[in-house]
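What follows is a single structure, written as structure tokens, with notes after it.
In listed order, ligands and their atoms are each counted from 1.
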Amino acid sequence: MKIKQYRTQFIKELSPFYDAYEAESFFYLILEDKHQLRQIDLALNHELFFSEADFVVWDSLLAQLKKEVPIQYLLGKTNFYGLDFEVNENVLIPRPETEELVEWIISENAASDRTKKIKILDIGTGSGCIAISLAKNLPNAEVYAMDVSKKAIETAKRNAAKNDVDVTFIFQNILETEELKCQFDIIVSNPPYVRNLEKQEIKKNVLDYEPHLALFVDDNDALIFYKKIASLAHNNLLKNGQLYFEINQYLGKEMIDLLGKMDFINIDLRKDIYDNDRMISCKVSI
Ligand SMILES: C[S@@+](CC[C@H](N)C(=O)[O-])C[C@H]1O[C@@H](n2cnc3c(N)ncnc32)[C@H](O)[C@@H]1O
């Protein structure tokens, strides 16, 4: 079969699950990953011919996509902030909203005195996407990253090596942490923040395949991670130090109240590209 014919069939078979645009983007991601071919190659070479064995691979990927397995897990990789990351079922697939948080931190810290080290701690690092992007883009950063999942830490370590950056990984439960070992200039976290009451908004491809440890938080204490991290930050943020959080879009006001009551200053709540309250930053009052 010609690959162009296969493309039509591929998109049609995915139509109950994904719109044509998404299905087509999956097709080209596979084409690039498995055959090192781009859309333009397909357009130019009308006679492209794929072997029977190639189509066996395509069929197996198509079958998994029909079960709504995320394409990133099928290919074992994704792109975040211009860098390549390994992803697997032990880590959350990094989201574009989180790239916005990283962009915010870089924009506020890139111009800082390059002779002075900036110590950064990323709590709940998952694939390591935040920690590694910061280490790559802030040359004077000394980056630490924590997670309670051993398998996530192993993945993040491979991602640090792949992207050629030094990050110190810490296997630790932040909720059981009495005190952090050192003082930081920046503490950043994208902790679990989806409440069970929001489960019905979560798509099957997320709910069935992404780690629930990374996603969900107890409905009765939805801000538990923020409270814990903010209280540790009081002792472990240096003078002028800054906290950055990704947050649940429905809890922006609650986050402002929480940080205000805990005496943080310069509280700045920002929206993501979809116009949802998504990230917040503050400083310790001195
Ligand atoms: C929303 S994911 C964020 C992953 C990654 N930082 C990102 O932005 O894509 C939350 C992460 O927090 C970790 N986590 C959950 N509970 C934790 C705890 N008690 N202590 C430390 N990390 C925790 C999860 O394993 C997961 O990797």
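Closest protein heavy atom to atom 20 (N) of ligand 1: Ile174 N, 3.0 Å. Of the protein's heavy atoms, Val148 CG1, 3.8 Å lies nearest to atom 14 (N) of ligand 1. At the top of the distance list for atom 19 (N) of ligand 1, counting protein heavy atoms only, stands Asn173 OD1, 2.7 Å. Closest to atom 15 (C) of ligand 1 among all protein heavy atoms lies Leu213 O, 3.4 Å. Nearest to atom 4 (C) of ligand 1 among the protein's heavy atoms is Gly124 O, 3.4 Å. Of the protein's non-hydrogen atoms, the one nearest atom 7 (C) of ligand 1 is Cys129 SG, 3.5 Å. Counting only heavy atoms of the protein, atom 8 (O) of ligand 1 lies nearest to Asn190 ND2, 2.8 Å. With hydrogens left out, the protein atom closest to atom 5 (C) of ligand 1 is Thr125 O, 3.3 Å, a heavy atom.
Counting only heavy atoms from C-beta outward, the side chains of Leu251 and Tyr193 never approach each other to under 4.5 Å.
At least one heavy atom of Pro191 sits closer than 4.0 Å to an atom of ligand 1. A heavy-atom separation below 4.0 Å is found between Gln172 and ligand 1. Contact analysis puts Phe225 in contact with ligand 1, with a non-hydrogen atom separation below 4.0 angstrom.
At under 3.5 Å, not a single nitrogen or oxygen of Pro192, backbone or side chain, sits near a nitrogen or oxygen of ligand 1. Here's the thing with Ser149: none of its N/O atoms is less than 3.5 angstrom from an N/O atom of ligand 1. No N or O atom of Asp122 sits closer than 3.5 Å to an N or O atom of ligand 1. When only interatomic distances are considered, the shortest N/O to N/O separation between Asp147 and ligand 1 falls below 3.5 Å.
You'll find the ring centres of Tyr73 and Tyr209 outside the 6.0 Å limit.
The contact set between ligand 1 and Thr98, taken as ligand atoms under 4.0 Å from a residue heavy atom, comprises 8 (O).
For the pair Lys227 and Asp221, the salt-bridge criterion is met [side-chain N within less than 4.0 Å of a carboxylate O]. Between Glu13 and Lys66 a salt bridge is recorded (basic side-chain N to carboxylate O distance below 4.0 Å). The pair Glu154-Lys151 does not meet the salt-bridge criterion, since no charged nitrogen lies less than 4.0 angstrom from a carboxylate oxygen. Salt bridge absent: Asp164 and Lys162 never bring a charged side-chain N and a carboxylate O closer than 4.0 Å.
Legend: side chain to side chain donor-acceptor pair (under 3.5 Å) pairs involving residues 16-28, not counting sequence neighbours, sorted by first then second residue: Arg7-Tyr28.
A cation-pi arrangement, defined by a distance under 6.0 Å to the six-membered ring centre and an angle within 45 degrees of its axis, is absent between Lys77 and Phe85.
Both the backbone and the side chain of Ala214 come within 4.0 Å of ligand 1, counting heavy atoms alone.
The backbone N or O of Ile30 lies less than 3.5 Å from no partner atom in the side chain of Asp33, so there is not a single donor-acceptor pair. Judged purely by atom type and a 3.5 angstrom limit, Ser60 has no side-chain atom pairing as donor or acceptor with the backbone of Val56.
Note that CG of Asn190 and CZ of Arg95 are 9.0 Å apart. Values are rounded to the nearest 0.5 Å.
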